[in-house]
J.: 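First the structure, which I've put down as structure tokens, then a few questions once you've had a look.
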Amino acid sequence: MSDSRLFKILYELLDQGRVTAPALAGKLEVSQRTIYRDIEALSGAGIPVYTEPGRNGGICLMPGFTLDRTVLSESEKQDVLDAIQGMAATGYPSGKETLTKLSALFCVDTGNWLEVDFSRWGKSPGDHAKFETLKTAVTGRRQMKIVYENTNSQRSERIVEPLKLSYKSKEWYLKAFCLTRQDFRLFKLNRILELELLEQTFVPRPFPEIKDGAGQPGQRIVLRFAKEMGYRVYDEFDETQIKHQENGDFIACANMPVDAWLVGYLLSFGTGVEVIEPAYLRGVLAKQAHKIYEKNKP
């Protein structure tokens, strides 16, 4: 007798409410006699399963069985389902199947209350394959060889110990320990150009987490944004980092790494941003803007 088959029968009963022996036999590819033996085994194990005769009859579970025997409260069950639905909404493989099973197990109808579109993951087979490979590396604790392009457009080959996939500020990142640099690193997934799963395994080391803004990388950047930039300021900075000025402008202060990405980011605001601190960054920004002007002047 297969324990997995018993679980499948139990799941079908939880999910469908009532199932006929021929339907179960066809789905599980066994005889009806085997199904009836399995039902007896479930009943002997204390599962309140019974059969209803007649045209609309079938094999059923006593109503409320799983609800009475779960160790989770109603709010805890909903928390679990919300978490799984959030995971399924991101396109996580098997998320919808897991949600269906747990909804049946908890006797809770979650509805379809959440929809998330991360664009690239849902539309690019290459991105999906990358995500799956990284998930395998993280869960299997296997080293990876990657080719990575940094913010200065420099490519390098690294051997890394992948620790966790992280979604932050509209982007996916890989938290890892880089054996090449002998330090923890945060790799932006879009800039991982090549990756290879290695056979070597590793013991995970805790990634140093940043709390309450302490120890943030980079340096203190103070920016003045024109009032017309308000829609972006509140999208991209925390409210605690923003001060509203009497003329409608905004002053934003944050720790940020000063690199090519930051310069390009600030240029994206056009004339709607002014660097207050550090002073040298004003010159860097002005020089880059002048190069853009020289290249595109009429």
J.: With a 4.5 Å cut-off on side-chain heavy atoms, are I251 and L223 touching?
T.: no

J.: Answer yes or no: is there a side-chain heavy-atom contact under 4.5 Å between H244 and F250?
T.: yes

J.: What verdict does the salt bridge (Lys or Arg N to Asp or Glu O under 4.0 Å) test give for R142 and E161, after you've listed the backbone C-alpha separation in whole Å, the side-chain angles of each residue and the deciding distance to 0.1 Å?
T.: CA-CA 7 Å; R142 291 171 61 181; E161 297 176 348; over 6 Å; no

J.: Just wondering, do L165 and L189 contact through their side chains at under 4.5 Å, heavy atoms?
T.: yes

J.: Can you give me the closest heavy-atom contact between V19 and E12, atom names plus distance?
T.: CG2-O, 3.9 Å

J.: State the OG1-CZ distance between T136 and R141, to the nearest 0.5 angstrom.
T.: 14.5 Å

J.: Which distance, rounded to the nearest 0.5 Å, do you find between the CG of L174 and the CZ of R185?
T.: 13.0 Å

J.: Would the distance check show the side chain of T180 and the main-chain N or O of I159 forming a donor-acceptor pair, the cut-off being under 3.5 Å?
T.: yes

J.: Answer yes or no: is there a side-chain heavy-atom contact under 4.5 Å between I146 and E194?
T.: no

J.: Using a strict 4.0 Å threshold on nitrogen-to-oxygen distance, state whether K135 and E132 make a salt bridge.
T.: yes

J.: Tell me whether E294 contacts the main-chain N or O of K291 through its side chain, where contact means a donor paired with an acceptor under 3.5 Å.
T.: no

J.: To the nearest 0.5 Å, what is the distance between OG on S156 and CZ on R181?
T.: 5.0 Å

J.: Are R158 and K145 close enough that some pair of their side-chain heavy atoms sits under 4.5 Å apart?
T.: no

J.: I'd like to check R220 versus E277 (side-chain heavy atoms, cut-off strictly below 4.5 Å). Are they in contact?
T.: yes

J.: Counting only heavy atoms not in Q182, do more than 12 fall under 6.0 Å of its CD?
T.: yes

J.: Inspect the surroundings of OH in Y50 and state if more than 12 heavy atoms from other residues, nucleotides or ligands are less than 6.0 Å away.
T.: yes

J.: Does the Y148 side chain pair with the main chain of Q154, one donor and one acceptor, at a distance under 3.5 Å?
T.: no

J.: So that I can tick it off, tell me whether R155 and E149 are bridged by a salt bridge, with the cut-off set at under 4.0 angstrom between side-chain N and carboxylate O.
T.: yes

J.: If we ignore hydrogens and angles and just use 3.5 Å, is the side chain of Q288 paired with the main-chain N or O of L285 as donor and acceptor?
T.: no

J.: Under a 4.0 Å N-O cut-off, is there an ion pair linking R224 with D249?
T.: yes

J.: Any donor and acceptor pair, going by atom type alone, linking the side chain of K130 with main-chain N or O of I192 inside 3.5 Å?
T.: yes

J.: Closer than 4.0 angstrom, basic N to acidic O: yes or no for R282 and E274?
T.: yes

J.: Specify whether Y265 and F237 have parallel, tilted or perpendicular ring planes, treating 30° as the upper limit for parallel and 60° as the lower limit for perpendicular.
T.: tilted

J.: Could you give me the CA-CA distance, side-chain angles and deciding distance for Y234 and I242, then say whether side-chain contact (heavy atoms from CB on, under 4.5 Å) is met?
T.: CA-CA 8 Å; Y234 282 108; I242 303 169; 3.7 Å; yes

J.: Quick one: does Q245's side chain get under 4.5 Å of K243's, heavy atoms only?
T.: yes

J.: Hey, mind stepping through K27 and L24 against side-chain contact (heavy atoms from CB on, under 4.5 Å) and telling me if it holds?
T.: CA-CA 5 Å; K27 188 163 189 174; L24 280 174; 5.7 Å; no

J.: Between V160 and C178, which heavy-atom pair has the shortest distance, and what is it?
T.: CG1-CA, 4.1 Å

J.: Taking C-beta and beyond as the side chain, do F269 and F225 meet within less than 4.5 Å on heavy atoms?
T.: yes

